[in-house]
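Take a look at the structure below.
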Amino acid sequence: MSQVIAVLNQKGGVGKTTSAVNVAAYLAKEGKSVLIVDFDPQGNATSGLGIDKHSLESTIYDVLFDNANTEAVIKETSIAGLYILPANASLANAEVHLVDQLQRELKLKKALQNLNYDFILIDCPPALGLLTVNALAASDLLLIPVQAEYYALEGLSQLLSVVQQVKQGLNTNLELLGVVVTMYDSRTSLSDQVYKELTRYFEDKVFKTIIPRNVRLAEAPSHGKSIVEHDKWSKGARAYKQLTKEVLKRV
Ligand SMILES: Nc1ncnc2c1ncn2[C@@H]1O[C@H](COP(=O)(O)OP(=O)(O)O)[C@@H](O)[C@H]1O
Ligand SMILES: [Mg+2]
């Protein structure tokens, strides 16, 4: 049985995809078999791992709606042990199409249920709609990246209330793996404040590892690479390696 981890925050640009891709890459480097499910129509995890999202024959959309075989849609990446179930703009229609499907909240869970990876990481879209509910229903654990910025905590209570609703109905097993602070800038006291406030609320669920703002992390996707391939000695790489160790300790 795979451990399924949803990487979720309904805000865009907080480091979900960067965290999903790089934690997955380091898990694979640790010898685990890992699948990233790109569940965002922007397809950033797909292109960030070097796959041309415009020339895909099939994507997760076909798995959800055309009964495509999940294994047949999954692609290898340049890292041994790391695989991706790709997405592109076609997934943008999914929210609308899901509405009148039977068991519309459980489509992703069904698509993933017979897979055999050590870890499956779901890179969620920046929304709390049906796609995200599907991700939460399919997951064991939730990883929340929070950007170290002024409005960081805004929206978190809404996110947690959706999680609570899913826990009460669709998926009683869902648990918080942790909250990770991303794009931390040590020159500002604001970053420090965000970390402290999160700790006050989430206590030991906040990861000790803080992801710094690091230009190498921002560059890597344009080369279609995770940070371990782009620049494994960068500060960003070392942080994601450390975070992955913490993740492994907690699961
Ligand atoms: N720690 C970081 N330092 C610098 N840039 C980052 C960092 N994390 C993410 N980025 C960049 O910020 C943007 C948003 O990050 P991304 O992971 O795509 O967020 P999300 O998936 O939540 O929308 C991307 O351009 C990404 O490359
Ligand atoms: Mg993203």
Side-chain angles (χ1 to χ4, degrees), residues 5-26 36-51 53 59-60 84-89 91-92 94-95 121-129 131-132 134-136 139 142-156 158-159 178-188 190-192 194-195 198 206-244 246:
I5 304 175
V7 183
L8 170 64
N9 185 324
Q10 77 272 35
K11 283 193 199 178
V14 300
K16 286 183 292 297
T17 302
T18 306
S19 298
V21 165
N22 291 308
V23 169
Y26 278 110
I36 296 190
V37 176
D38 192 345
F39 215 39
D40 183 349
Q42 293 177 74
N44 291 340
T46 300
S47 54
L49 284 169
I51 291 164
K53 62 189 174 194
T59 68
I60 186 156
I84 183 158
L85 182 51
N88 60 21
L91 191 61
E95 289 274 347
L121 273 72
I122 306 174
D123 184 24
C124 291
L128 292 174
L131 281 177
T132 292
N134 263 269
L136 291 174
S139 296
L142 178 62
L143 173 60
I144 307 177
V146 173
Q147 186 181 350
E149 48 132 38
Y150 184 58
Y151 292 111
L153 291 98
E154 210 167 77
L156 278 181
Q158 199 191 357
L159 189 163
V179 177
V180 58
V181 176
T182 63
M183 295 183 239
Y184 186 94
D185 185 344
S186 56
R187 292 167 307 181
T188 71
L190 187 61
S191 276
D192 207 41
V194 169
Y195 189 85
L198 280 172
V206 181
F207 285 103
K208 300 258 174 334
T209 308
I210 294 173
I211 308 300
R213 190 171 275 288
N214 176 238
V215 68
R216 306 299 268 169
L217 284 172
E219 290 165 3
S222 66
H223 300 275
K225 287 178 175 162
S226 67
I227 195 65
V228 55
E229 296 165 293
H230 181 59
D231 182 354
K232 68 174 173 179
W233 301 113
S234 61
K235 271 198 324 188
R238 281 178 284 157
Y240 274 111
K241 187 174 182 182
Q242 193 63 39
L243 177 63
T244 305
E246 268 195 81

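When a ligand or atom number is given, it counts from 1 through the structure's own listing order. Just so you know, residue 1 is the first one in the sequence shown, and it goes up from there.
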If you count the atoms of ligand 1 from 1 in the order shown, which ones are under 4.0 Å from a heavy atom of Leu217? 1 (N), 2 (C)
Between Gly236, Pro125, Pro212, Ala220, which one has a non-hydrogen atom sitting closest to atom 1 (N) of ligand 1? Pro212
Return yes or no for this condition: an N or O of Ser19 is under 3.5 Å from an N or O of ligand 1. no
Flag: protein heavy atom within less than 4.0 Å of atom 13 (C) of ligand 1: no
Please confirm whether the backbone N or O of Arg216 pairs with a side-chain atom of Asp231, one donor and one acceptor, at under 3.5 Å? no
Using heavy atoms and a threshold below 4.0 Å, how should the contact between Thr17 and ligand 1 be classified: side chain, backbone, both, or neither? both
Strictly distance-based, threshold 3.5 Å: is any side-chain N or O of Asp123 a donor or acceptor partner for the main-chain N or O of Ala20? no
Is a donor from one side chain sitting under 3.5 angstrom from an acceptor on the other, for Tyr240 and Ser19? yes
Hey, does Ile144 have a side-chain heavy atom less than 4.5 Å from the side chain of Leu156? yes
Between Ile227 and the options Val21, Leu217, Thr18, the side chain to side chain contact (heavy atoms under 4.5 Å, CB included) test singles out Leu217
Per-atom contacts, ligand 1 versus Gly12 - under 4.0 Å to a heavy atom: 23 (O)
Does the distance from a Lys or Arg side-chain N to an Asp or Glu carboxylate O, for Glu149 and Lys11, drop under 4.0 Å? yes
Is there a donor-acceptor contact under 3.5 Å linking the side chains of Ser191 and Asp185? no
When you measure from the side chain of Gln147 to the backbone N and O of Val181, does any donor-acceptor pair fall under 3.5 Å? no
Do any nitrogen or oxygen atoms of Gly15 come within less than 3.5 Å of a nitrogen or oxygen of ligand 1? yes
Heavy-atom protein contact below 4.0 Å for atom 25 (O) of ligand 1: no
Between Thr18 and ligand 1, is there a nitrogen or oxygen pair with a distance under 3.5 Å? yes
Asn44 side chain to Thr17 backbone, donor-acceptor under 3.5 Å: no
Out of all atoms in ligand 1, which are within 4.0 Å of some heavy atom of Ile211? Include the element for each. 1 (N)
Ligand-residue contact atoms, ligand 1 with Asn214, heavy atoms, under 4.0 Å: 2 (C), 3 (N), 4 (C)
Are the side chain of Lys53 and the backbone N or O of Ala45 linked by a donor-acceptor pair below 3.5 Å? no
Is Thr17 close enough to the Mg ion (ligand 2) to have an N, O or S atom under 2.8 Å? yes
Nearest-contact summary for atom 2 (C) of ligand 1 - protein heavy atom, Å: Met183 CG, 3.5 Å
Just distances here: any N/O of Gly13 and N/O of ligand 1 closer than 3.5 Å? yes
Is there a protein heavy atom less than 4.0 Å away from atom 9 (C) of ligand 1? yes
List every atom of ligand 1 that sits less than 4.0 Å from any heavy atom of Ala218, numbering the atoms from 1 in the order shown and giving each element. 5 (N), 27 (O)
In this structure, are over 12 heavy atoms from other groups packed under 6.0 Å from Lys241 atom NZ? no
Those atoms of ligand 1 less than 4.0 Å from some heavy atom in Val14: 19 (O), 20 (P), 22 (O)
